Amino acid sequence: MTSSEQAAATSNNFLKTIIDEDLKSGKHSSVVTRFPPEPNGYLHIGHAKSICINFGLAREFGGRCHLRFDDTNPAKEEQEYIDSIKESVRWLGFDWGEHLYYASDNFEQLYQWAVYLIEQGKAYVEDLSGDEIRAYRGTLTEPGKESPFRSRSVEENLDLFSRMRAGEFPDGTRVLRAKIDMASPNMSLRDPVLYRILHVPHPHVGDAWKIYPMYDFAHGQTDAIEGITHSICTLEFESHKPLYEWFLDNLPVPARPRQYEFARLNLTYTVMSKRKLQELVQLGTVSGWDDPRMPTLAGIRRRGYPPAAVRAFCELIGVGRSDSWIDVSILEECVRADLNESAPRAMAVLRPIKLVIDNYPAGQSEEMQAANHPQKPEMGSRSIYFTREIWIDADDFMETPSKGFHRLSVGGEVKLRNGYIVKCTGAVKDEQGNIVELHGEYDPASREGIHTADGRKVKGVIHWVSAAHAVTAEVRLFDRLFSDPSPDRGGIDYKQFLNPGSVETLLECKLETSLAGADIETRYQFERMGYFRQDPKDSQPGKLVFNRIVTLRDVWTTKK
RNA sequence: AGGGGUAUAGCCAAACGGUAAGGCAACGGCCUCUGACGCCGUCAUCUCUUGGUUCGAAUCCAGGUACCCCUGCCA
């Protein structure tokens with residue numbers, strides 16, 4: 001555990017304080033939370049925060065966390081989303097055990113409770129149209145007025161509601177409403193809609209229902225049925241809390257859950273709304289929901305972010321109630337911290353230029369051992385090969401070096417990582433003056449260390465790959481999807497901030513031979529270049545494709 | 001006749017009337033066969049603001065200010 005994780009792990013937040021007190025006072029004997037997505041899209045990094053909070057709290061306090069699909073609006077929901085949500089939660093490292101639930105499994109109970117409310121004179125069937133309901137609702141500063149249908153008899157309401165269920169009426173013709181207070185300053189208490197007619201099949205319960213409960217009528221009661229003790233949601237549900245409690249107060253529910261709200265995650269340089277993400281997919285701006293540049297869990301998974309790094313990130317950013325913007329670089333830093341520990345090192349040349357070692361015999365090949373991790377000998381080593389012709393990165397050569405550049409230049413020398421010190425003796429150019437090949441000489445006595453035969457220390461160490469042994473691969477370098485820190489700030493079309501250089505595809509990269517048989521899941525550090533993993537969709541044994549997960553920190557190029 | 005929230009460093013964030021944790025970033029320096037990693041050090045006389053209570057206030061009280069959420073038959 002790094003010091004940052006330690007600090008974060010011990011750091012307090014208001015939810016832990018509440019649970020701690022509830023447990024100590026005996027209000028609850030154990031904690032039960034739930035992660036309740038609607039299966040209407042793919043999960044993103046913002047959901048990861050909620051997943052980590054809910055499952056994390058349950059884990060920390062020895063309770064349990066349910067996975068519950070809040071599937072009350074079949075018009076938007078699909079089995080595909082149910083499957084992908086389960087997969088993403090598992091990928092993140094959480095397990096709901098036996099506790100997989102669907103709000104729709106409670107539809108009959110919810111219906112009975114609606115009937116109960118009607119019998120109590122606390123709900124009525126509304127015949128007003130949607131537009132009329134809106135007009136009657138009033139505004140933020142003016143009270144609403146009561147519907148003429150508000151005073152229908154219990155008998156008529158019961159009859160109409162059962163006929164709604166039976167499918168007698170077309171969509172949109174009637175709704176069931178709670179009779180609360182049309183003058184409440186809280187809009188959600190102005191006779192909220194409980195049920196609407198929807199002749200739409202449901203992904204989980206099929207075509208059993210023609211009416212479906214609204215979120216507000218389902219959520220709290222479902223929490224109560226499942227025995228949820230702490231129902232944790234985001235801040236925008238705060239104004240629904242009085243309604244959440246109104247249902248619990250007016251219905252014979254088996255338990256009394258409490259709702260608590262936290263601030264949702266905002267990340268810089270990306271967009272998080274489902275609508276915008278969907279638009280990027282539809283427009284073809286990205287290759288799909290799992291494009292490695294997307295903030296979706298499917299995307300960062302494909303990109304290669306380790307789930308443990310995402311968990312560490314969620315722990316690090318904390319839980320509060322103030323609107324906050326987290327810089328993506330913090331997420332990236334968590335990814336680096338994780339990968340630095342676990343990723344085996346390898347050498348790969350991304351923008352190859354040939355270096356011919358003139359004093360090395362043609363046809364000779366020397367096998368060398370390279371450590372897989374500089375600080376972890378237990379991770380072993382692999383063979384690399386030194387030959388007369390090698391590839392080095394074009395970025396590691398400057399004909400006339402700028403101040404502070406300590407890589408290769410004509411007349412200069414560098415250490416070839418895990419190999420020899422080599423001195424550049426010249427650059428070959430084509431007619432246009434482009435450098436096409438470098439020549440150099442090696443020092444046979446310089447295998448160990450970075451000191452020359454005469455005791456000088458070379459400043460630069462660069463990576464390289466034997467030309468005779470290299471395997472060619474495609475490498476995709478990703479950058480932020482947007483060039484602005486908050487592309488979805490109001491007023492301006494977020495698409496105008498799209499970063500045209502968010503992906504760069506390099507087709508002729510030269511990798512060391514050990515990478516030819518690389519495991520598809522293994523994440524590597526290509527030394528000095530960053531962390532990489534094979535693209536799980538596009539990489540094949542004969543045609544390798546690597547994704548750059550994240551760069552290394554680089555003070556040299558950021559300073560320039 | 002509006003209501004409900006939130007303000008602590010560049011970004012997060014702790015503190016629960018006892019004298020401003022921690023992380024990220026930044027800036028110095030050390031180490032290094034990755035300009036990586038690691039290590040050492042610096043970084044709020046002060047908590048949006050104005051008053052008040054108190055021996056003592058980021059914490060309590062009163063008044064301002066800024067931002068967020070709420071007028072779906074979405075969740």
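Computed from a predicted structure; not experimentally measured. Each chain gets a letter, A, B and so on, in the order the sequences are listed, and its residues count up from 1.
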Exercise for the section: May I ask you to say what A:Val193 touches in the nucleic acid, namely base, sugar-phosphate or nothing, with a heavy-atom cut-off under 4.0 Å? Expected result: sugar-phosphate

Problem - Earlier contact from the 5' end, RNA chain B, for A:Ser184 and A:Asp171 - result: A:Ser184

Practice task
Nearest whole angstrom, please: distance from the P of B:A75 to the CZ of A:Arg34.
Solution key: 15 Å

Exercise for the section: Round to a whole Å and report the spacing from CG of A:Asn12 to P of B:A20. Expected result: 21 Å

Handout entry: Any residue of residues 266-279 of chain A with a heavy atom less than 4.0 Å from an atom of RNA chain B
Key = none

Practice task
Using a strict 4.0 Å threshold on nitrogen-to-oxygen distance, state whether A:Arg480 and A:Glu332 make a salt bridge.
Solution key: yes

Practice task
Nearest whole angstrom, please: distance from the C1' of B:G72 to the CD of A:Glu126.
Solution key: 15 Å

Handout entry: Residue that, paired with A:Phe237, satisfies ring pair (Phe, Tyr, Trp, His ring centres under 6.0 Å) out of A:Tyr244, A:Tyr260, A:Tyr215
Key = A:Tyr215

Fill in the blank from the handout: Applying side chain to side chain contact (heavy atoms under 4.5 Å, CB included) to A:Asn418 and not counting sequence neighbours gives A:Met347, A:Ala370, A:Ile384, A:Glu527

Handout entry: C1' atoms of B:A57 and B:C27, separation to the nearest Å
Key = 33 Å

Problem - Distance, P atom - from B:A20 to B:U59, rounded to whole angstrom - result: 14 Å

Exercise for the section: Between B:U54 and B:C61, how far apart are the C1' atoms? Round to whole Å, please. Expected result: 12 Å

Exercise for the section: Over 60° means perpendicular and under 30° means parallel, so classify the ring planes of A:Tyr494 and A:Phe482, tilted if in between. Expected result: tilted

Fill in the blank from the handout: Atom CG of A:Leu15 and atom P of B:A13 are separated, to the nearest Å, by 13 Å

Practice task
Among the candidates B:A75, B:U71, B:C12, find the nucleotide nearest to the side-chain atoms of A:Ile326.
Solution key: B:C12

Exercise for the section: Please state how far atom OH in A:Tyr215 lies from atom C1' in B:C73, giving the value in whole angstrom units. Expected result: 17 Å

Exercise for the section: Mind telling me whether A:Tyr212 and A:His202 have parallel, tilted or perpendicular rings, with 30° and 60° as the class edges? Expected result: parallel

Problem - Crowding at CZ, A:Arg152 (>12 non-hydrogen neighbours, <6.0 Å) - result: yes

Exercise for the section: For the pair A:Thr33 (side chain) and A:Asn54 (backbone), establish whether a donor and an acceptor sit closer than 3.5 Å, ignoring hydrogens and angles. Expected result: yes

Problem - Distance between P atoms of B:A15 and B:G72 (Å, rounded) - result: 38 Å

Fill in the blank from the handout: A:Tyr136 atom OH is separated from B:C73 atom P, nearest whole Å, by 15 Å

Handout entry: Salt-bridge contact A:Glu126-A:Arg174 (side-chain N to carboxylate O under 4.0 Å)
Key = no

Problem - B/S/- contact track for nucleotides 31-40 of chain B, protein heavy atom under 4.0 Å - result: --BBBBB---

Fill in the blank from the handout: With syn defined as a glycosidic angle within 90 degrees of 0 and anti as anything else, the base of B:G72 is syn

Problem - Presence of salt bridge, A:Lys179 and A:Asp191, under 4.0 angstrom - result: no

Practice task
Tell me which nucleotide among B:U71, B:A75, B:G23 gets nearest to the side chain of A:Glu236.
Solution key: B:A75

Exercise for the section: Check for a donor-acceptor pair, side chain of A:Asp393 on one end and backbone N or O of A:Leu350 on the other, with a separation under 3.5 Å. Expected result: yes

Show the distances under 3.5 angstrom between N or O atoms of the protein and N or O atoms of nucleotides 2-5 of chain B.
from, atom 1, to, atom 2, distance (Å)
B:G2, N9, A:Leu140, O, 3.2
B:G2, N2, A:Pro185, O, 3.2
B:G2, N3, A:Leu140, O, 3.0
B:G5, O3', A:Arg321, NH2, 3.2

Exercise for the section: Answer with base, sugar-phosphate or nothing: what part of the nucleic acid does A:Leu198 contact at a heavy-atom distance below 4.0 Å? Expected result: nothing

Problem - Results of side chain to side chain contact (heavy atoms under 4.5 Å, CB included) for A:Glu448 - residues two or more places apart only - result: none

Handout entry: Backbone N/O of A:Pro170 and side chain of A:Thr173: donor-acceptor pair under 3.5 Å
Key = yes

Exercise for the section: Classify the nucleic acid contact of A:Thr139 as base, sugar-phosphate or nothing, counting any heavy atom under 4.0 Å across all strands shown. Expected result: base

Practice task
Take A:Lys276 and A:Asp488, measure what side-chain contact (heavy atoms from CB on, under 4.5 Å) needs, and give me the verdict at the end.
Solution key: CA-CA 9 Å; A:Lys276 288 173 182 140; A:Asp488 61 358; 3.3 Å; yes

Problem - Integer angstrom distance from the C1' of B:U45 to that of B:G2 - result: 42 Å

Exercise for the section: Give a yes or no answer on whether the side chain of A:Ser84 reaches the backbone of A:Tyr42 with a donor-acceptor pair at less than 3.5 Å. Expected result: no

Fill in the blank from the handout: Assign each of A:Asn73 and A:Val319 the nucleotide of RNA chain B bearing its closest heavy atom; nearer the 5' end lies the nucleotide of A:Val319

Handout entry: Bracket string, RNA chain B, 5' to 3' - pairs by Watson-Crick or G-U geometry under 3.5 Å, | interstrand
Key = .((((((..(((.....[...))).(((((.......))))).....(((((..]....))))))))))).....

Practice task
Return yes if some donor-acceptor pair links the side-chain N/O of A:Ser446 with the main-chain N/O of A:Tyr442 below 3.5 Å, else return no.
Solution key: no

Practice task
Please check if the side chain of A:Asp71 supplies one atom and the backbone of A:Ala103 the other of a donor-acceptor pair under 3.5 Å.
Solution key: yes

Practice task
Specify the separation, in whole Å, of atom CG of A:Leu43 and atom P of B:A75.
Solution key: 17 Å

Exercise for the section: Identify whether any heavy atom of A:Leu128 sits under 4.0 Å from a base atom; if not, whether one sits that close to sugar-phosphate; answer base, sugar-phosphate or nothing. Expected result: base

Exercise for the section: Just compare B:C12, B:A75, B:A1 and give me whichever is closest to any side-chain atom of A:His240. Expected result: B:A75

Handout entry: Sugar-phosphate only, base, or nothing, as touched by A:Tyr195 at under 4.0 Å among non-hydrogen atoms
Key = nothing

Practice task
Using whole Å, report how far CD1 of A:Ile317 lies from C1' of B:A25.
Solution key: 16 Å

